[in-house]
Amino acid sequence: MLFKNLIFWGLLALPVLLLSQSDSTDISSYFDEGGVDGHSLIIKYNYLNAANGEFPVTVEYIRGNSLGIEAGVGLILPSYSSNLILERADESEVVDPELSYSIWVQPKYFFGDNPVASTFAGILYKHKVFNESSGVTNRFNEASAVFGLQAALSGVISYEFFVGAGYRFPNDVLSDKFFSRFLLPMGAKIGFVIF
Amino acid sequence: MKHTFLFSLLVLCVLFHVQSQDSKAEIIFADAEESPWYSGVLDVVGQDASGLYVLRNTGRPWSRKEATTYQYELSYYDHSLKLVKSMGLDLKTEDKHRALEYVFQSKGKLYILSSFKNRKLKKKFLFVESVDKKAMKLNNDLKKVGEIDYSAKDRMNPGEYLIKISRDSSKLMIYVDAPYQGQKEERFEVYVLDSELNTLWSKQIKLPYSDKSFVIQKFDVDDNGNAHILGKRYKDGFREEVKDVVNFQYHLLSYVSKGKLVKDYPIKLGNILPVCMEFDFRQDQGVTCTGFYAEKGASKGAKISIKGTYFVSIDYTTKKVTKINTEPLGFDFEVVNLARGKGPFSQTSSLTVDDLVIRRDGGVVLIGEENYSTAVTRGDNRTTYFYKVNDLLVVSLSPTGEMEWTTRVPKRQNTTNDGGVKCSYGLAIVEDKIHLIYNDNAKNYLPDQTEVYSYNLLNSHVVTLATIDSKGGLSKQKLFTSGEAGVTMWPSSSKQIRGKEFILFGRDRKEHRMAKIVFP
């Protein structure tokens with residue numbers, strides 16, 4: 001009888017014991033994000049390139065803690081000169097340029113835990129299209145390895161600075177112009193964190 | 001006769017020696033330690049009979065948002081300021097980094113408070129972990145003590161934990177600040193923990209005032225675990241002050257009996273313009289609120305004239321405001337008026353009560369300081385921040401709020417782009433003396449000078465010790481020069497330890513150094 005009672009009370013208390021035990025020891029449950037990585041979307045304006053006469057607006061999507069992709073377009077004014085910030089992307093051979101554009105794509109790897117405030121490395125690919133008043137179109141493909149820093153200035157404002165080294169490949173080479181050259185790209189962006 | 005003369009001379013020498021010993025503070029410098037410009041000593045977080053525990057920041061500023069393994073270091077120094085041992089704070093669980101929130105000592109044990117933002121659960125958890133002081137390692141006894149549910153809030157700003165420890169270190173108050181709610185009710189959460197870090201009580205609080213019209217100014221916990229929150233309620237619904245108009249009222253919110261009993265004390269001060277308020281707990285478990293006031297219409301353009309002090313006593317037994325008293329200063333004390341057009345969180349005057357010392361008899365000593373900053377943005381979009389910190393005004397009030405004495409400590413401090421860390425003062429109270437330690441211009445020690453020269457980052461400077469006795473008498477002495485220290489001291493972030501000792505932190509671009517002042 002006594003033994004039966006013990007089993008009964010033991011079984012009754014078991015869930016309570018298990019619950020209290022799991023509550024006090026299972027600290028890992030607070031850190032379990034169930035494979036759900038965070039993701040962020042940031043709209044950025046590269047104000048440093050604006051000094052050259054190029055106005056790139058890009059969108060960056062970050063998935064998880066380490067990987068992100070940034071893409072966007074830039075408007076290139078006829079007064080554009082990439083020599084102002086030492087990029088060495090000399091386009092002086094473009095004759096009488098008109099309003100042109102560029103396309104930016106940049107996969108990134110973040111070294112820190114929080115990509116919104118971390119150093120990163122990435123490959124910057126730029127496709128520049130220069131229209132000349134004569135109707136000639138010059139297309140350049142540029143690829144650079146870049147290293148940069150992203151910082152959160154506030155909950156919604158981010159800042160990015162990068163420098164790198166790369167190469168411009170001649171694509172549409174008309175007449176005897178030869179545009180390939182070594183590049184030193186750099187940029188500074190101010191961003192608005194959507195989420 | 002000869003012996004008597006010699007004996008008298010000997011006694012005189014001994015007396016003179018005792019007197020000179022009595023008036024001089026002793027300085028002990030630690031060895032200078034090389035460190036990058038972005039690192040440095042943050043705080044003395046604990047102490048015992050053989051030494052003290054110092055929290056140091058070793059991380060780079062751009063990764064400050066989320067703490068990583070290498071960002072903070074806990075260092076143990078002996079009392080001669082020799083570094084004995086250091087440990088990196090490895091705040092990592094399941095490969096996830098926690099952010100450091102607070103380090104403190106309670107009942108001789110050192111604790112680390114850290115937080116983790118779980119993006120799946122949309123909760124920001126607060127954890128506590130103790131430190132094995134002997135082995136200088138974490139005890140791996142991580143325990144959850146609080147959580148913020150931000151599922152309905154801004155992902156980038158889930159709210160933050162603000163922490164306060166009671167005078168006797170037996171209670172810890174965690175104030176959970178919710179993101180700005182605008183016209184919605186002001187909301188926050190309070191946790192009170194005992195010295196073993198068990199939750200005594202917690203409460204989700206919704207005030208009958210909108211977030212837009214109510215500004216929390218200070219919170220604190222008394223030794224009995226009662227939480228108190230001082231706020232400013234703006235009558236016209238906006239957090240902006242208007243010159244010469246009292247468009248706000250202070251409220252002290254008290255949560256006693258484990259948060260079950262809530263009392264909102266509106267503090268009515270009559271026809272005066274309060275420019276700041278502080279509160280502290282008395283030994284009879286009442287609360288004293290005090291500050292400086294100006295008269296309405298007393299502002300003269302950009303200046304405002306401080307007229308006196310006010311004193312408010314609250315009795316917990318009767319749950320009533322039992323005494324309100326105002327006392328004139330009796331002399332002119334003009335400070336810069338910051339009201340209007342300086343943003344929604346501006347204060348009326350640049351004078352603030354920086355410290356409030358409650359005496360054993362219930363009387364108080366207020367230490368006010370004129371302290372403000374300005375920013376100038378030039379055409380190249382570069383902004384320069386100017387920090388101006390001026391005189392200290394020290395006032396002693398009796399237990400019933402009557403003025404006993406006032407002392408003005410003249411000083412001028414002007415720095416740029418340093419966050420004001422080299423300005424202001426450090427406070428130490430030794431027996432019945434108040435010691436104020438601050439950076440000063442060396443020219444203020446020239447003989448026969450009458451002008452107060454300004455301390456700035458360019459001129460040669462000294463660290464001054466101003467001492468105020470129990471009658472309000474002021475004496476000043478030069479402690480050491482910047483050349484002797486080798487670094488610039490940051491007195492306002494320094495700390496009194498072990499009764500008669502005060503630890504000063506200092507640094508320049510390449511190294512940091514601590515110094516200890518031992519008061520007589």
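Hydrogens, waters and symmetry mates are skipped; everything else that's a heavy atom, side chains included, is used.
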**Q** Can you name the nearest heavy-atom pair linking A:I27 to B:L142, along with the distance?
**A** CD1-O, 3.4 Å

**Q** Looking only at non-hydrogen atoms, find the nearest pair between B:K96 and A:F31 and report the distance.
**A** NZ-O, 2.9 Å

**Q** With sequence neighbours excluded, tell me which residues meet ring pair (Phe, Tyr, Trp, His ring centres under 6.0 Å) with B:Y102.
**A** B:F104

**Q** Check this for me: A:E98, atom CD, are more than 12 non-hydrogen atoms of other residues, nucleotides or ligands nearer than 6.0 Å?
**A** yes

**Q** Chain A heavy atoms under 4.5 Å from B:K143: which part of the residue, side chain, backbone, both or neither?
**A** backbone

**Q** Taking the ring centre of each residue, are B:F127 and A:Y30 less than 6.0 Å apart?
**A** yes

**Q** So with a 6.0 Å cut-off around NZ of B:K258, is the heavy-atom count from everything else above 12?
**A** no

**Q** Got a sec: does the OH of B:Y385 have more than 12 other heavy atoms crowding it under 6.0 Å?
**A** no

